[in-house]
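See below for the structure under consideration.
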Amino acid sequence: MKILHLRKDCIGCNVCVEHAPDYWQISENDGKADLLNSLERNGEFSREIKFGDLDKVKLAERDCPMRIIKIQGKE
């Protein structure tokens with residue numbers, strides 16, 4: 001499974017960082033969340049989810065007010 005993150009629509013609320021700090025951090029440049037260790041393609045950032053981290057990432061997906069975090073390949 002992997003995370004898809006539409007960074008351009010991020011408002012920098014920090015919810016994703018609170019739930020999964022190993023996956024996101026807030027950029028000092030523009031205050032938006034960066035998906036760490038991700039690949040970018042057409043404005044969409046993606047990264048594999050490590051075994052055991054799915055619950056944290058699901059919380060970030062659920063609580064993101066902009067709904068810009070999606071988990072691809074979930075049950």
Task: Arg41 atom CZ, neighbour heavy-atom count above 12 within 6.0 Å - done: no
Open item on the list: How long is the straight-line distance from CG of Leu35 back to CD of Gln25, given to the nearest 0.5 Å?
Closed with: 10.5 Å
Open item on the list: Is it the case that atom NZ in Lys32 sees more than 12 heavy atoms from other parts of the structure closer than 6.0 Å?
Closed with: yes
Open item on the list: For a 4.5 angstrom cut-off between non-hydrogen side-chain atoms, does Tyr23 reach Leu36?
Closed with: no
Open item on the list: Could you see if Met66 belongs to whatever hydrophobic cluster contains Ile69? Use Ile, Leu, Val, Met, Phe, Trp, Tyr and a side-chain cutoff under 4.5 Å.
Closed with: yes
List the atom pairs, donor and acceptor, that lie under 3.5 Å between side-chain atoms in residues 4-21 and the rest of the protein, sequence neighbours left out.
| residue | atom | partner | partner atom | Å |
| --- | --- | --- | --- | --- |
| Arg7 | NE | Ala33 | O | 3.3 |
| Arg7 | NE | Asp34 | OD1 | 2.6 |
| Arg7 | NH1 | Asp30 | OD2 | 3.0 |
| Arg7 | NH2 | Asp30 | OD1 | 2.7 |
| Arg7 | NH2 | Asp30 | OD2 | 3.1 |
| Arg7 | NH2 | Asp34 | OD1 | 3.1 |
| His19 | NE2 | Asp63 | OD2 | 2.7 |

Task: Check: Arg62 side chain, Val57 main-chain N or O, donor-acceptor pair, under 3.5 Å - done: no
- [ ] Would you mind listing every salt bridge (charged side-chain N to carboxylate O under 4.0 Å, His left out) that reaches into residues 42-55, with sequence neighbours excluded?
- [x] Asp53-Lys56
TODO: Look at the side-chain heavy atoms of Ile, Leu, Val, Met, Phe, Trp and Tyr, link any pair under 4.5 Å apart, and say whether Phe45 and Met1 land in one connected group.
DONE: yes
TODO: Indicate, with yes or no, if Ile49 and Leu59 share a hydrophobic cluster defined by side-chain heavy-atom contacts under 4.5 Å among Ile, Leu, Val, Met, Phe, Trp and Tyr.
DONE: no
Task: Interatomic spacing from CD1 in Ile3 to CG in Leu54 - rounded to 0.5 Å - done: 9.0 Å
